[in-house]
Undergrad: 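Quick one: the structure is below, and I'll ask about it shortly.
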Amino acid sequence: ISMYEKEKKLAKSYIDGKVSRRSMLRGMASMGVTASTAGVLVNAAATQALAQNGFDWKKYSGTTVKLLLNQHPYADAMIANLDNFKELTGMDVEYDIFPEDVYFDKVTAALSSGSSEYDAFMTGAYMTWTYGPAGWIDDLNEYIGDDSKTNPDYNWEDMLEGVRKSCAWNGQPGGALGSDDAKQWCIPWGYEQNNLTYNSRMFNEAGLTVPTNIDELASTAAEAKAKLNGVYGIGVRGSRSWATIHPGFLSAYANFGQKDLNVSDDGMLSAAMNTDVSRNMHEKWVKMIQDSGAPDWSTHTWYQAGTDLGAGKSAMIFDADILGYFMNGGDNAEAGNLSFAPFAANPEAKAPTPNIWIWSLAMANASKQKDATWYFLQWASGPEHALFGATEMDFVNPVRKSVWADAGFRSRLDKSYPGYVEMHDISAPGAQIYFTAQPLFFDLTTEWAATLQKMVANEVPVDEGLDQLAQSVDRQLKEAGLG
């Protein structure tokens, strides 16, 4: 980036903490520099500061690492910033990028074959419950804690605790995430909390108030459907997939103190979803979908829940906050009309308990250049890149506390995404993975979704359906030697 000395100096003063973000932007503007160009200059200055922190960034100069990536705004933000990594390290980065509908199959194929083609890849934390015990990925604790391999500004403790711990597991079925003996199978990169996104234009038009518990959610959804022509009240996922259970549903379920599985003192697992409290919540959830959900709810994935909200077909979603974020922009019909609110389903709960999805970075065990790969991983998950992605690209939600504390990032969100920052601040302390880590996770959770479908279709009463589900889960756990 060729730039004049004055702009360079101003960007460096900001990085060194000598001037505020506002003063820096004002100064840049007076020199005819736009806010987005200022962001690029600041990012370059941050990279230069990193290069001077005493760490041997050039140690693997000339090495090429290869990545396997999912098509996603997080990958876009990283690719947009790769030149800074190359300049910092002298390394090169190659990547293959695939859409999500085939991405995880590509990862499984590469890892299970023992191929050394890919050094690192994007993953969900849940997938590492399979990859870790299989020996396909590395425990990254050995890198994070090694000063000779990790630069002094990496600041691992800056990661939100619930998110960081949710990416660590000791490999024992039922073992608590983030326990002292846990292995760090992946590094959190960006994450999704599950809360409410609602259409404030519709809410104003119909005189609706933002719901604060599951009963209000159901009644507000019903009221929205009754008052708004051709609109359904609440978007939640419904397809026969584990992904139907993990967003809004499990966030509400955990808010009532409920667990998917019990873990006995001797480490045996058993079904825990047929309690009285669980039955009560299932009944409310099922009725809410029957009364006010999408007519084709049982086909709804992340994609349909989001696009219906963006198109004005639904009044609100209880799903990933970043799904609402993306629907509030682009060429969506309702862009600019969406607002955000924290949601605790249990009226007795003190705060929300969002179950989370975490896009993470993992290292392939078959990689032939692990130390060089760690240079890439620590840069991509480091504070400088996180701030660039959050302020210059669509890298939400960041996993670092320092980014959430950044005034520029907060004001950017406040301006265009009403309620988003406050929602995150209120929900972050309780945001974590609430599932029990175990190898049958995908199968058992998919069966749970299938049971929900039967309940909503009136094929089985809630009571009976939960008993059948619990019996089936117990049988499968026993067959696998886990129960």
Side-chain angles (χ1 to χ4, degrees), residues 1 43-72 74-98 103 106-107 109-123 128 131-132 135-156 167 183-190 359-389 395:
I1 296 165
N43 189 39
T47 306
Q48 276 176 333
L50 205 55
Q52 289 158 8
N53 71 359
F55 185 65
D56 183 8
W57 282 106
K58 297 278 197 223
K59 188 169 183 179
Y60 300 102
S61 185
T63 305
T64 299
V65 296
K66 189 166 185 187
L67 314 173
L68 184 53
L69 302 173
N70 177 48
Q71 226 162 34
H72 195 281
Y74 300 168
D76 297 342
M78 184 272 292
I79 291 164
N81 202 16
L82 263 183
D83 284 348
N84 273 313
F85 174 74
K86 293 174 181 177
E87 192 184 328
L88 178 68
T89 60
M91 291 167 62
D92 202 6
V93 179
E94 293 176 354
Y95 52 86
D96 287 336
I97 191 159
F98 294 99
Y103 177 71
K106 298 281 184 190
V107 174
L111 293 177
S112 60
S113 69
S115 161
S116 60
E117 182 182 2
Y118 299 109
D119 299 298
F121 60 97
M122 284 171 70
T123 181
T128 65
Y131 307 157
W136 295 345
I137 52 178
D138 268 27
D139 173 13
L140 296 171
N141 276 329
E142 55 189 279
Y143 298 90
I144 295 163
D146 186 338
D147 290 347
S148 70
K149 293 180 179 179
T150 302
N151 84 86
D153 293 324
Y154 184 56
N155 195 0
W156 177 237
C167 288
K183 293 178 162 64
Q184 196 71 45
W185 294 120
C186 56
I187 302 286
W189 207 24
W359 272 114
S360 309
L361 296 169
M363 189 189 298
N365 199 15
S367 166
K368 300 276 195 285
Q369 40 191 18
K370 292 181 180 176
D371 286 348
T373 301
W374 175 243
Y375 268 44
F376 170 78
L377 291 178
Q378 65 179 295
W379 170 81
S381 64
E384 301 79 17
H385 175 66
L387 190 58
F388 164 81
F395 204 121

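Numbers for residues simply follow the sequence, beginning at 1.
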Undergrad: Can you tell me how far CG of Asp92 sits from CZ of Phe85, rounded to the nearest 0.5 angstrom?
TA: 9.5 Å

Undergrad: Apply side-chain contact (heavy atoms from CB on, under 4.5 Å) to the pair Thr123 and Val107, showing each step before the final yes or no.
TA: CA-CA 8 Å; Thr123 181; Val107 174; 5.9 Å; no

Undergrad: Quick check: does any side chain N or O of Glu117 sit under 3.5 Å from a backbone N or O of Ala110, one acting as donor and the other as acceptor?
TA: no

Undergrad: Between Trp379 and Asn151, is a side-chain contact (heavy atoms from CB on, under 4.5 Å) present by the stated rule, with each step listed?
TA: CA-CA 9 Å; Trp379 170 81; Asn151 84 86; over 6 Å; no

Undergrad: Rounded to the nearest 0.5 Å, what's the gap from CD on Gln369 to CZ on Phe376? Could you check?
TA: 12.5 Å

Undergrad: May I ask you to test the Lys370-Asn365 pair for a side-chain heavy-atom distance under 4.5 Å?
TA: yes

Undergrad: If you look at every heavy atom in Leu111 and Ala364, which pair is closest and at what distance?
TA: CD2-CB, 4.2 Å

Undergrad: Stepwise, does the side-chain hydrogen bond (donor to acceptor under 3.5 Å, both in side chains) test hold for Asp96 with Tyr118?
TA: CA-CA 9 Å; Asp96 287 336; Tyr118 299 109; 2.5 Å; yes

Undergrad: Can you tell me how the ring of Phe395 sits relative to the ring of Trp189, calling it parallel under 30°, perpendicular over 60° and tilted otherwise?
TA: perpendicular

Undergrad: List the atom of Ser115, the atom of Ala366, and the distance in Å for their closest heavy-atom pair.
TA: O-CB, 3.4 Å

Undergrad: Donor-acceptor pair, distance only, cut-off 3.5 Å: does the side chain of Glu384 make one with the backbone of Asp153?
TA: no

Undergrad: To the nearest 0.5 Å, how far apart are OG in Ser360 and CG in Leu377?
TA: 11.0 Å

Undergrad: Does Lys149 NZ have over 12 foreign heavy atoms under 6.0 Å away?
TA: yes

Undergrad: Taking the side chain as every heavy atom from C-beta outward, state whether Asn84 and Phe388 have any atom pair closer than 4.5 Å.
TA: no

Undergrad: Short question: side chain of Lys183, backbone of Asn141 - any donor-acceptor pair under 3.5 Å?
TA: no

Undergrad: Can you name the nearest heavy-atom pair linking Trp57 to Leu88, along with the distance?
TA: CB-O, 3.5 Å

Undergrad: Is the backbone N or O of Ser148 less than 3.5 Å from a side-chain atom of Asp146, with the two atoms forming a donor-acceptor pair by type?
TA: yes

Undergrad: Using every non-hydrogen atom in the two residues, find where Pro152 and Phe55 come nearest and quote the distance to one decimal.
TA: CD-CB, 3.9 Å

Undergrad: What do the steps show when you test Phe121 against Tyr103 for ring pair (Phe, Tyr, Trp, His ring centres under 6.0 Å), and what is the final call?
TA: CA-CA 10 Å; Phe121 60 97; Tyr103 177 71; 7.8 Å; no

Undergrad: Does Tyr143 offer a backbone N or O that forms a donor-acceptor pair with the side chain of Thr150 under 3.5 Å?
TA: yes

Undergrad: Going through the distances and angles, do Thr89 and Thr63 end up as a side-chain contact (heavy atoms from CB on, under 4.5 Å)?
TA: CA-CA 9 Å; Thr89 60; Thr63 305; over 6 Å; no

Undergrad: Keeping the roles fixed (side chain from Asp139, backbone from Gln184), state whether a donor-acceptor pair exists under 3.5 Å.
TA: yes

Undergrad: If you measure from CD1 on Ile144 to OG on Ser381, what distance do you get to the nearest 0.5 Å?
TA: 8.0 Å

Undergrad: Closest approach of Met122 and Ala75, non-hydrogen atoms and distance?
TA: SD-CB, 4.1 Å

Undergrad: Tell me if a side-chain donor or acceptor on Asp138 pairs with a main-chain N or O of Met363 at a distance below 3.5 Å.
TA: no

Undergrad: OG1 of Thr47 to NZ of Lys86: how many Å apart, nearest 0.5 Å?
TA: 13.5 Å

Undergrad: Show the nearest heavy-atom pair for residues Met78 and Leu69, with the distance to one decimal.
TA: CE-CD1, 3.7 Å

Undergrad: Does atom CZ of Phe98 have more than 12 heavy-atom neighbours from other groups under 6.0 Å away?
TA: yes

Undergrad: Would Asn43 and His385 count as a side-chain contact (heavy atoms from CB on, under 4.5 Å) if you check the C-alpha gap in whole Å, the side-chain angles of each, and the deciding distance to 0.1 Å?
TA: CA-CA 8 Å; Asn43 189 39; His385 175 66; over 6 Å; no

Undergrad: At what distance, to the nearest 0.5 angstrom, does OH of Tyr131 lie from OG of Ser112?
TA: 9.5 Å

Undergrad: Report yes if the side chains of Tyr95 and Ile79 come closer than 4.5 Å at any heavy-atom pair, otherwise no.
TA: yes

